[in-house]
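Just so it is clear: chains get the letters A, B, ... in the order the sequence lines come, proteins before strands, and each one is counted from 1.
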Amino acid sequence: MMTVAAARALPDGAACFVGIGLPSKAANLARRTHAPDLVLIYEAGAIGAKPGRLPMSIGDGVLAETADSVVSVPEVFNYWLQPGRIAIGFLGAAQIDRFANINTTVIGPDYDHPKVRLPGAGGAPEIAASCGEVVVIVRQTTRSFVEKVDFVTSVGYGSGPGDRERLGLRGRGPVRVITDLGVLEPDPETCELTLTAVHPGVDAEQARAETGWELTVAGELRTSPEPTTEELEALRELEASVLPA
Amino acid sequence: MMTVAAARALPDGAACFVGIGLPSKAANLARRTHAPDLVLIYEAGAIGAKPGRLPMSIGDGVLAETADSVVSVPEVFNYWLQPGRIAIGFLGAAQIDRFANINTTVIGPDYDHPKVRLPGAGGAPEIAASCGEVVVIVRQTTRSFVEKVDFVTSVGYGSGPGDRERLGLRGRGPVRVITDLGVLEPDPETCELTLTAVHPGVDAEQARAETGWELTVAGELRTSPEPTTEELEALRELEASVLPA
Amino acid sequence: MRTRIVPLRTAIAELVHDGDTVALEGFTHLIPMAAGHEVMRQGRRDLTLVRMTPDIVYDQLIGAGCARKLVFSWGGNPGVGSLHRFRDAIQNAWPEPLEIEEHSHAGLANRYVAAASGLPFAVMRGYRGTDLPEHTATIAPITCPFTGEQLTAVPALELDVAIVHAQRADREGNVQMWGLTGVQKEAVLAAKRSLVTVEEIVDELEPRPNAVVLPNWVVTLVAEVPNGAHPSYAHDYYERDNAYYREWDAISNDRNVFSAWLAELREGARAPA
Amino acid sequence: MRTRIVPLRTAIAELVHDGDTVALEGFTHLIPMAAGHEVMRQGRRDLTLVRMTPDIVYDQLIGAGCARKLVFSWGGNPGVGSLHRFRDAIQNAWPEPLEIEEHSHAGLANRYVAAASGLPFAVMRGYRGTDLPEHTATIAPITCPFTGEQLTAVPALELDVAIVHAQRADREGNVQMWGLTGVQKEAVLAAKRSLVTVEEIVDELEPRPNAVVLPNWVVTLVAEVPNGAHPSYAHDYYERDNAYYREWDAISNDRNVFSAWLAELREGARAPA
C-alpha cells in the first residue's frame with residue numbers, strides 16, 4: 001500500500017529525482033499506471049530513464065540504456081538538480097521529525113561515537129533543498145518518527161515557518177510523507193507534519209501510537225482508496241521483473 | 001618561413017592549444033614533419049585532433065571527426081586549459097610590446113572610441129595565463145611591435161620581472177615570438193623581448209627598423225636554417241589540402 | 001509542458017520580444033542563421049545579443065538595428081577578417097550606438113555555466129593583469145575561503161531566450177546534436193525560453209557518438225528548418241560555405257550594399273545568396 | 001610521456017604508496033574492484049580513501065586496515081543494506097580507528113570538479129541548514145560578489161592517485177568507457193597519477209554513443225584486467241552480480257569470517273568468490 005500511495009503522489013509528465021529502493025519502485029509503478037510520461041532522473045547520470053524492469057541499483061545498466069540522455073554525476077547535480085529543474089524529489093529516511101527534517105547519517109546524540117552509523121547524505125540534502133517539492137517514503141514507528149532528528153542530513157522545515165526562506169532553500173520542501181499507515185502533510189501555518197490520510201484498515205490512533213511526538217490529526221481525515229486491480233497487477237509485474245541474481 | 005619556424009618550435013608529443021590561421025597551419029605542418037605525435041587542442045572542443053586537411057575555421061567538422069575526444073567549450077577551458085595541462089599555447093597578435101603583452105582588442109588610446117575595433121579576446125587571455133609556455137606568431141612591423149600595447153588583452157610579462165608571479169599566472173608566458181624576420185625571446189633577466197635569430201637573408205638592422213622600441217640583439221645572433229625540402233613539400237601539400245570553397 | 005513543434009515564424013514571434021536578452025549559440029558549427037534572419041524580418045529592436053563568437057549573423061543583426069547591446073568574447077569573420085557592421089556600429093554608431101560587454105571565451109563560457117547551474121556566479125582563473133576588468137563591470141575578484149588565493153568571479157548570464165540549431169528532433173521535441181556542440185546545452189539551460197531549429201524531425205533519435213541530447217522538457221519550441229545553419233555547417237548534413245563568408249566581407253563592407261541585402265532579406269522568405 | 005601498459009601488480013606497486021590520498025571511482029558501474037584487491041594484497045596502509053559511494057570494495061579495504069581516513073558521501077551496500085566493516089571501524093575502531101570526512105554527493109562531486117579544473121574551490125548551493133558543516137571542516141560559506149547571496153564553497157579534492165575501470169584502451173593507452181560514467185573523468189583529472197584497469201586492450205577505439213574518452217597523456221598507467229569490475233558490472237561486458245553483494249553481507253558481518261576471506265584473498269591471485 002505504501003508503494004501504491006507513493007506512486008499516486010506523482011503527477012504524469014513531471015520530472016522526478018528518484019533514489020533506489022522504495023522511491024524507484026514507486027516511480028516505476030507510477031509510469032506503469034497513471035503517469036506514463038513521468039520523467040525519471042537517477043543521480044548516477046540517467047536523465048529520462050524508462051526502465052522496462054526494476055533497477056537493482058541506482059547505477060543499473062538498464063538506466064543508461066533507456067535514458068533520453070546520459071550525463072556525468074557532476075552534471076546531474078549542477079545542471080539538473082541545483083537550478084530547480086526537477087519537480088519532485090523522492091526520499092527515504094531513517095528518522096524524520098515533526099518538521100520533516102530527515103536523518104540518514106547517525107543514530108545517537110554523538111556524531112563521533114554513533115550508536116548506529118547510517119550510510120550518510122548521498123544526494124538527499126540537495127534533493128531536499130532544490131526539487132520543486134519532496135515526497136518522503138518511510139515506515140512509521142516511534143523509532144523513525146521522532147520529535148527531533150539526531151542529525152539533520154536533509155532539511156525539511158528546519159525549526160518551523162520561514163526557515164527554508166532564511167536558508168535560501170528554493171524548493172517547497174516535503175509536501176507529503178507516505179508511510180505504511182497513511183499520509184502526513186505539513187500544516188500550512190505551522191509546518192508541522194499532520195496526519196491527513198490513513199490507509200484502509202488503519203485508524204488515527206494507530207498512527208499516533210507509532211509517532212514520537214504529539215501527532216495532530218487533520219479535521220477531515222481521508223482514507224486512501226484501496227489499491228486498484230490495475231495497480232496491484234502492475235506492482236506484481238514490476239516485482240517479477242527484477243533480474244534473477 | 002614564418003610558418004616553418006613556428007612549426008619547428010613545437011616539440012613532438014606536446015599538447016598544443018591552437019587558434020585558427022597561422023597557428024593552426026604551423027601546428028599541422030609540425031605534425032607532418034618532425035612532430036607526428038603533437039596533440040592538437042582546438043577551443044571549439046576537439047582534444048587530440050588529427051586533421052588530414054587544413055581546417056578552415058576553429059570549429060571545422062574535420063576536427064570533431066579526427067579528435068580523440070570531443071568535449072564542450074566550457075570543458076575545454078575548465079578541465080583542459082585552466083589546470084595547465086596544455087604544454088604550448090599558440091597565439092597571434094595585432095600588437096605586441098617590449099614585454100610580450102598582446103593586444104587583440106582595440107587600436108587607439110580610448111577603448112570607448114577606438115581607432116580600430118579588433119575581434120577581442122577569444123581564448124587568448126587564458127591561453128597566455130595557463131599554458132606551460134606560449135609561442136606568438138606575428139608579422140614584424142612598427143605598427144605591430146610597439147613600446148606599449150594600447151590594450152592588454154593577454155599578459156606576457158606585464159611590466160617586467162615578477163609580474164606573472166604576482167598576478168598568479170601559472171604558465172611561463174611567451175618564450176618565443178616568431179615573425180617574418182626572425183625570432184625574439186624574452187631576456188632571462190629583464191623579460192624584454194630580444195632578437196635571438198634572423199631568418200635567412202634578413203639582418204638585425206631590418207628587424208630593428210620594424211620594431212617600435214629600441215630592440216636589443218642577442219650576443220650570439222643565430223640564423224634560422226633554410227626550410228628543408230621536406231618542410232616545403234609538406235607545407236605545399238597542406239596548403240593544397242584546404243577544401244575548395 | 002511538452003515542447004511544441006511550430007513554424008520558424010511563429011517561434012520567433014512567440015519567443016523573442018523587443019528588449020529581450022537573447023543568445024544565438026553555435027561555435028562555428030550549427031549556427032542558427034535562419035532563426036537570426038527571422039528576427040531581422042520581424043524587426044525586433046533593443047535586444048541584448050549574447051554570443052561567444054559573433055560572426056556574420058550577428059553582423060547582420062547589428063547592421064539591421066536589432067541590437068542595443070552585445071555581450072561577446074570574439075567578434076570576427078572566421079577565416080576572412082573583420083565584421084564590418086559590428087565595427088561600424090562601435091566606431092561610428094551606425095545604424096545606432098551599440099553598447100558592448102566584452103569577455104574572454106573562458107569567462108563567457110563560465111557565465112553560461114553558472115546560469116545553467118542555477119548559481120549567481122562562477123569562479124575561474126582569468127583576466128588578471130589584462131585591461132578587460134577596467135572596462136567590463138561583470139568581472140570581480142574573489143578570494144578562496146580555504147587557501148586565501150585570489151581568483152576571478154563572473155556573474156551568471158541569464159537569458160530570456162536561447163536559440164540553437166541541431167541536426168534532429170523527434171516528434172516529442174527531444175533534440176539531438178552532434179559533432180562540436182560548443183556551449184549550446186549551457187545556453188539552453190541558462191534561458192527562460194528556448195528555440196531549437198533542426199535540420200529534420202525524425203521518428204526516433206538513434207544514439208550516436210558525441211551526441212548531446214536536450215530532453216523536450218527543457219526546450220520550449222522546435223522548428224524544422226532544413227539548411228538553417230547555412231553558411232555555417234551541420235555535421236553529416238552539409239559543409240561550411242566558405243565562399244559565402246568571403247562574399248559577406250564585400251556585402252557588409254558598404255552600408256548601401258548591406259542595406260540592399262537587408263531589404264531583400266526582409267521581403268523574401270529565404271536569405272539572399 | 002605516454003601511458004604505459006603494465007600488469008596490475010606492477011601498476012599498484014608503482015602508483016600507490018602508504019599514506020597516499022587515493023580515489024577508486026565508479027558510480028555503481030565500472031567499480032575498480034580488482035585494483036582494490038591488489039591494494040589489499042600489497043598491504044598498503046594509512047591511505048586516505050576517497051569515494052562518493054564507498055561500497056563493498058571500500059568495506060574490504062577498511063576491514064583490511066589499509067585506510068586511515070575515508071572521504072565519502074554515501075556508504076552502503078546498494079540494494080542490500082549496511083557496510084559492516086565500515087560500521088565496525090567507525091563504531092568500534094576495528095581493525096583500527098577510521099577518521100571520516102563526510103559530504104553530500106553534490107559536494108563531493110564538486111570537489112572533484114574543482115580539482116579537475118585547477119581551482120582551489122567550487123561554489124554550490126548546498127549544506128545550508130544541515131548538521132554537516134558542523135562536523136566537516138571542508139565546507140565554508142561564500143558570498144556572491146555580484147548579488148550578495150550566500151552560498152557554499154568546498155575545496156578542491158586533490159588526489160595522489162585516481163583508479164578507475166573502463167571497458168577498453170587502445171595500445172597507446174587511450175581509454176574509452178561508456179554507459180554511466182559517474183565522476184571518473186573528474187577523478188582522473190584531479191589526480192597526480194592515474195591507473196585505468198580495462199576489460200580489454202584493442203587496436204582501435206571505434207566511436208560509441210555515450211562514451212567518455214581519456215586521452216593517453218592524462219593517464220599514467222593502464223592494466224588489462226578482464227572482469228576487473230566484478231561484482232559490479234561493465235556495460236556490454238557483464239551484468240552486476242547481485243548475489244555477491246548479498247553474500248558480502250554475510251562475509252562482512254563477522255570479523256572472523258571476514259578475516260578468513262582476507263587471508264584467502266592475500267594468498268590467491270583472484271578474489272575468493
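- Options B:S69, B:P114, B:P74, B:G120 differ in how many heavy-atom pairs under 4.5 Å they form with chain C, and the most are formed by B:P74.
- No other option in C:M124, C:Q184, C:Q150, C:R125 has as many heavy-atom pairs under 4.5 Å with chain B as C:R125.
- A donor-acceptor distance shorter than 3.5 angstrom exists from the side chain of C:R87 to the backbone of B:R117, with no hydrogens or angles considered.
- For the set C:T181, C:V113, C:L132, the entry with the most heavy-atom pairs within less than 4.5 Å of chain B is C:L132.
- For C:M52, the part sitting under 4.5 Å from any heavy atom of chain B is the side chain, from C-beta outward, and nothing else.
- For B:V116, the parts sitting under 4.5 Å from any heavy atom of chain C are the backbone and the side chain alike.
- Heavy-atom pairs under 4.5 Å with chain B were tallied for C:Q91, C:E134, C:H103; the largest tally goes to C:Q91.
- The side-chain heavy atoms of B:S72 and C:K185, taken from C-beta on, include no pair separated by under 4.5 Å.
- In this structure, chain C has a heavy atom under 4.5 Å from the side chain of B:R170, while its backbone stays farther away.
- Counting heavy-atom pairs closer than 4.5 Å to chain B, the top-ranked of the candidates C:S73, C:S232, C:G76, C:A109 is C:S73.
- Only the side chain of C:F72 comes within less than 4.5 Å of a heavy atom in chain B; its backbone stays farther off.
- There is no contact between C:S82 and chain B, counting heavy-atom distances below 4.5 Å.
- When all heavy atoms of B:G123 and C:H105 are compared, the closest pair comes out as N-CD2, 3.3 Å.
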- Item | Worked verdict on B:E43 versus C:W74 for side chain to side chain contact (heavy atoms under 4.5 Å, CB included) | CA-CA 12 Å; B:E43 64 193 15; C:W74 189 89; over 6 Å; no
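- For the pair C:I100/B:Y111, a side-chain contact is recorded, criterion being any heavy-atom separation below 4.5 Å from C-beta on.
- Atom CZ of B:R139 has 12 or fewer heavy atoms from other residues, nucleotides or ligands within 6.0 Å.
- Contacts between residues 55-63 of chain C and chain B, counted as heavy-atom pairs separated by less than 4.5 Å, involve no residue at all.
- Heavy-atom distances place the side chain of B:P125, and not its backbone, under 4.5 Å from chain C.
- For the residue pair B:V73 and C:V183, the shortest heavy atom distance occurs at CB-CG1, 3.8 Å.
- Heavy-atom distances place no part of C:Y112 under 4.5 Å from chain B, backbone and side chain included.
- Contact record, C:L180 with B:A64: CG-CB, 3.9 Å, taken as the closest heavy-atom pair.
- Rounding to the nearest 0.5 Å places CD of C:E186 at 10.0 Å from CD of B:E75.
- No side-chain heavy atom of C:N92 sits under 4.5 Å from any side-chain heavy atom of B:H113.
- The shortest distance between side-chain heavy atoms of B:T153 and C:T130 does not fall below 4.5 Å.
- Remark: C:E206 CD is packed, more than 12 non-hydrogen atoms of other residues, nucleotides or ligands lying under 6.0 Å away.
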- Message: Between B:F151 and C:H135, does the side chain to side chain contact (heavy atoms under 4.5 Å, CB included) criterion hold? Intermediate values first, please.
- Response: CA-CA 11 Å; B:F151 188 101; C:H135 300 282; 3.5 Å; yes
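- Below 4.5 Å, heavy atoms of chain C meet heavy atoms from B:N78, B:Q82, all part of residues 78-91 of chain B.
- For C:L151, no part lies under 4.5 angstrom from a heavy atom of chain B.
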